[in-house]
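Following: one structure in structure tokens, then a few remarks.
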Amino acid sequence: MQRRTLAVLSAAQITGGVGVAVGLALSSLVVFELSGSEAISGLAGTATVLGAAILALPAAKVSGRGGRRAGLGLTYVAALTGCLISVLAITIASWPLLLAGLVLVGGGSAGNLAARYSATDLSPKGRAATHLSLVVWAATIGSVAGPNLAAPADRIGADLGLVPTAGPFAFAAISFAVALLIIVVGLRPDPLVLARQLSGTAATAGAGSRTIRDAWDTLRATPAARRALLAIAVSHTAMVSVMSMTPVHLHHEGADLKIIGLVLSLHIAGMFVLSPVVGWVADKLGKVPVLVLGMALLLAAAALAGTAGEHHVGQVTAGLILLGVGWSCGLVAGSAMLSESVAIERRPAVQGLSDLLMNVCGATGTIVAGAIVGALSYGTLGLVVGIMVTITGLRLAFRGRSAHLPQTP
């Protein structure tokens with residue numbers, strides 16, 4: 001049943017990832033064309049991140065009551081609806097309606113994030129990180145293929161009579177519909193429901209009704225879960241902060257769009273390609289060592305990218321690759337540690353809160369990074385990120401070590 005679950009989740013990750021990537025590939029450009037404002041166009045990315053954060057807790061609540069199939073289904077229904085609203089918004093040339101649609105499109109990202117946790121419900125002891133990483137790796141296919149499908153989707157949309165730039169959103173709607181079908185039909189038996197049955201824990205009638213309170217209560221009582229959540233949030237904040245400002249930095253240094261695109265592609269490869277290796281190492285050597293390694297890689301990434309002089313694109317590229325690998329260590333090992341340290345009946349609540357905080361931290365990091373680079377420099381951003389991940393890495397290393405030392409009566 002676990003092998004079947006992993007296959008179904010991976011297939012949904014691929015199709016859902018295509019939908020997310022296609023929908024986001026042109027979102028800022030379309031918002032700019034409709035509004036005529038560069039400032040408003042920047043809200044496109046914010047809208048999708050906000051949507052992923054908003055939908056994280058409802059999806060967790062639904063999962064707590066009815067299982068993973070219901071929770072994932074909710075996110076893909078929201079994303080599908082958002083794409084249809086976006087097509088309508090482009091047709092009537094309404095950028096406020098398009099931004100509203102993009103908030104719901106963020107449900108696709110929420111679903112893809114929640115899918116990694118679904119992979120751990122039936123994992124044998126000591127295999128959670130490995131199984132989780134396989135589902136994370138599947139997102140590589142959708143993330144890489146999606147942007148390349150935007151232009152063909154636009155042409156197909158034009159042939160079908162849609163207004164220009166509406167085609168990619170129509171194609172994304174189809175992708176989310178397929179992902180929804182895969183989850184509804186294929187994810188049987190539901191991994192969370194089955195895991196509860198095997199552990200002798202049944203969902204109560206009020207399960208999920210106090211998602212945030214249950215999650216905070218669990219975190220207060222579980223130090224390992226708090227460390228995992230800290231690692232996930234810091235890793236994502238560091239990655240998004242540096243990554244979001246790198247295109248601006250490279251553009252100021254004279255790099256063309258082709259070079260910028262190549263750097264970002266290699267960064268995405270660093271995020272996903274090695275995730276199965278990261279998962280295997282985390283299960284073999286322990287989650288905390290991999291989390292500390294991730295912080296060290298993020299520190300090296302910030303140092304490399306932040307100290308790169310003019311025309312040192314190669315050094316920035318190396319930094320962005322390490323940034324992706326460091327993020328992978330934080331996400332894979334942190335998510336597995338979070339799942340293993342929490343009882344099965346509390347997992348959806350804690351996992352939902354984790355994704356909420358992860359997305360909020362990512363959005364905040366983007367805003368703060370823009371302010372730092374605008375007021376000071378890209379190098380200063382690297383210094384700030386370096387200090388943040390160093391403090392976190394030391395805290396993880398020493399707290400993780402003390403947790404395994406014998407306690408004095």
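Each residue takes its place number in the sequence, starting with 1. Everything quoted here is computed from the prediction, not taken from an experiment.
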For residues Val20 and Phe176, determine if any side-chain heavy atom of one lies less than 4.5 Å from a side-chain heavy atom of the other. yes
Mark yes or no for whether Arg116, through its side chain, and Val136, through its backbone, hold a donor-acceptor pair below 3.5 Å. no
I'd like to know if the side chain of Ser354 and the backbone of Val350 have a donor-acceptor N/O pair within less than 3.5 Å. no
Report the C-alpha distance between Thr307 and Gln315 in whole Å, list the side-chain angles of each, state the deciding distance to 0.1 Å, and finish with yes or no for side chain to side chain donor-acceptor pair (under 3.5 Å). CA-CA 9 Å; Thr307 59; Gln315 185 173 333; 3.1 Å; yes
Using 30° and 60° as the class limits, which term best fits the ring planes of Trp327 and His236: parallel, tilted or perpendicular? tilted
How about Leu9 and Ile183: do any of their side-chain heavy atoms sit closer than 4.5 Å? yes
Identify whether the distance between the nearest side-chain nitrogen and carboxylate oxygen of Arg196 and Asp190 falls below 4.0 Å. no
So do Met295 and Ser235 actually touch side chain to side chain, heavy atoms under 4.5 Å? yes
Can you find a pair of side-chain heavy atoms, one from Leu274 and one from Ser328, that are under 4.5 Å apart? no
Judged by modelled atom types alone, do Ser123 and Glu340 share a side-chain donor-acceptor pair under 3.5 Å? no
Should Asn359 and Leu113 count as side-chain neighbours, where that means a heavy-atom distance under 4.5 Å? yes
Within a strict 4.5 Å, meaning less than it, do heavy atoms of the Val87 and Thr91 side chains meet? yes
Can you measure from CG (Leu396) to CG (Leu291) and round to the nearest 0.5 angstrom? 6.0 Å
Considering only heavy atoms from C-beta outward, does the side chain of Pro124 approach that of His131 to under 4.5 Å? yes
Can a donor-acceptor pair be found between the side chains of Ser63 and Tyr117 at a distance below 3.5 Å? no
Answer whether the closest heavy-atom distance between the side chains of Thr5 and Asp121 falls below 4.5 Å. no
